[in-house]
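Below is one structure, written out as structure tokens; comments come after it.
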Amino acid sequence: MDKRVIIHDGVSIKIYGTENPEQVIIHFTDEITAYNKIKKAVITDKGIYCNGVSCMISRLLQDGGVPTHFIRQISPRDQLCWRASVIPMEVIVRNVVAGSLAQRLGIPEGLIPKEPIYDLCYKSDDLCDPIINDYHALALGLVNRTDLETIYTMTKQVNAILFPIFRKVGITLVDFKIEFGHLADGRLVMSDDITPDTARFWDIETGNKLDKDRFRHDRGHVGEAYKTVYDRLKSVF
Ligand code: TMP
């Protein structure tokens, strides 16, 4: 499968068109950024771990009945996906309080809410992805009511599938971000990857952070943490 023109030249992810106009190749680099790309570094083999984790998660979700854009892994750093027209909205699921929620509401990190919390963000680099609610999403025309309901149903399904799988391998799925899009035939799918770049993973026994927070907060051993998530998830395959 040849990589053709570049469609999205991101730092940690690049998307290429293929000879099939409905399919794209998503390539994972070793670059990592934080704080709206102000902080940057290269983490050896990060692209391999992120692509591996993303592919395994996509397979688990598809087996569990969640439609995604994923077709198959084609190399250690590349996956073949259906081309999607992505909705400019992020959906965040929080099983444990951390990150911006802890800061915004002054709640201690680690607190377990009575039920998972769902946030929506409007995707805009210039505005730093501001938080919105259902009314904004509908009023701004980002989604229609039917798609919004389906997005919540699918998001809950993603969490219901992944949370117990990660618990089985000794990891708490603290929070994660996903995006959705429409395929050429109009189907709504999850059109995103879940990796230690886009989710928080905490070791159940030690409480160690196994995700991008290690980089954000200069804790070191970033590659090792990503490899731990990759190795543990691999053990269920
Ligand atoms: P937050 O604590 O910064 O709101 O992030 C919550 C989770 O969502 C965390 O796992 C990181 C992920 N996330 C992204 O991957 N991209 C984003 O643009 C945002 C806002 C969050």
Side-chain angles (χ1 to χ4, degrees), residues 8 10-13 15 26 28-29 31-41 43 46-47 49-51 53-54 57-58 61 68-69 86-113 115-133 136-137 142 151-152 154-156 158-159 162-163 165-167 171-181 190-203 207-219 222 225-226 228-230 233:
H8 169 74
V11 182
S12 49
I13 284 180
I15 304 179
I26 301 184
F28 290 74
T29 75
E31 291 182 54
I32 189 166
T33 66
Y35 308 118
N36 219 9
K37 304 198 179 100
I38 290 166
K39 188 171 174 177
K40 283 188 192 179
I43 307 290
K46 171 182 162 290
Y49 305 135
C50 284
N51 186 43
V53 168
S54 167
I57 286 179
S58 293
L61 294 179
T68 81
H69 67 162
V86 178
I87 297 167
M89 185 179 85
E90 299 177 334
V91 185
I92 295 174
V93 180
R94 302 176 186 276
N95 296 307
V96 180
V97 172
S100 73
L101 179 69
Q103 282 177 1
R104 208 169 61 238
L105 300 184
I107 308 173
E109 231 188 36
L111 189 125
I112 296 172
E115 48 188 86
I117 295 169
Y118 300 87
D119 283 332
L120 300 181
C121 295
Y122 175 50
K123 256 174 86 84
S124 160
D125 281 346
D126 290 347
L127 301 173
C128 298
D129 301 335
I131 198 160
I132 56 171
N133 62 28
H136 292 90
L142 303 181
I151 283 171
Y152 275 121
M154 279 162 57
T155 300
K156 287 172 187 173
V158 170
N159 199 33
L162 296 183
F163 191 85
I165 288 171
F166 276 103
R167 189 174 45 202
I171 292 173
T172 300
L173 176 58
V174 171
D175 59 26
F176 62 91
K177 181 272 302 177
I178 46 178
E179 295 173 20
F180 293 84
M190 188 188 109
S191 53
D192 203 5
D193 45 86
I194 298 176
T195 72
D197 271 353
T198 62
R200 289 193 171 90
F201 298 111
W202 293 354
D203 186 290
N208 280 347
K209 297 186 178 191
L210 303 172
D211 54 63
K212 192 166 163 180
D213 272 350
R214 298 205 73 83
F215 174 68
R216 289 188 188 99
H217 305 137
D218 297 318
R219 287 168 177 257
V222 181
Y226 280 46
T228 301
V229 176
Y230 173 81
L233 198 53

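We count ligands from 1, going down the list as the structure has it; atoms in each ligand are counted the same way.
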task: Tell me which protein heavy atom sits closest to atom 20 (C) of ligand 1, plus the residue, atom name and distance to 0.1 Å.
output: Glu90 OE1, 3.6 Å
- prompt: With respect to atom 21 (C) of ligand 1, which of Thr195, Ile92, Asp192 exhibits the smallest heavy-atom separation?
  reply: Ile92
message: Once rounded to the nearest 0.5 Å, what's the spacing between atom CD1 of Ile171 and atom CG of Asn208?
response: 11.0 Å
- prompt: Is the closest side-chain heavy-atom distance between Asp218 and Lys39 below 4.5 Å?
  reply: yes
query: What is the minimum heavy-atom distance between Tyr226 and Asp211, and which atoms define it?
result: CE1-C, 3.7 Å
- request: List the atom of Asn95, the atom of Phe163, and the distance in Å for their closest heavy-atom pair.
  value: ND2-CD1, 3.5 Å
field: atom 8 (O) of ligand 1: nearest protein contact (heavy atom, Å)
entry: Lys177 CB, 3.5 Å
- prompt: What protein heavy atom is closest to atom 15 (O) of ligand 1, reported as residue, atom name and distance in Å?
  reply: Thr198 CA, 3.3 Å
message: Polar contacts were defined as any N/O atom of the residue lying under 3.5 Å from an N/O atom of the ligand; does this apply to Arg94 and ligand 1?
response: yes
- prompt: Which residue and non-hydrogen atom of the protein lie closest to atom 6 (C) of ligand 1, and at what distance in Å?
  reply: Arg200 NH1, 3.6 Å
task: Around atom 4 (O) of ligand 1, find the nearest protein heavy atom and jot down its residue, atom name and distance.
output: Ser100 OG, 2.6 Å
task: Pull out every atom of ligand 1 sitting under 4.0 Å from any heavy atom of Gly99, numbered as shown with elements.
output: 2 (O)
- prompt: Closest non-hydrogen protein atom to atom 9 (C) of ligand 1, residue and atom name please, with distance?
  reply: Asp175 OD1, 3.3 Å
task: Identify whether the distance between the nearest side-chain nitrogen and carboxylate oxygen of Asp129 and Lys177 falls below 4.0 Å.
output: no
task: Please confirm whether Gln103 comes under 4.0 Å of ligand 1, counting heavy atoms of the residue only.
output: no
- request: Please name the pair of heavy atoms, one in Phe176 and one in Ala199, separated by the smallest distance, quoted to 0.1 Å.
  value: CB-CB, 3.6 Å
- line: With heavy atoms and a 4.0 Å threshold, my read on which part of Asp129 contacts ligand 1 is side chain
message: I want to check something: taking the side chain as every heavy atom from C-beta on, are Asp192 and Thr198 in contact at a cut-off of under 4.5 Å?
response: no
message: Between Arg200 and Glu109, does any NZ, NE, NH1 or NH2 come within less than 4.0 Å of an OD or OE carboxylate oxygen?
response: no
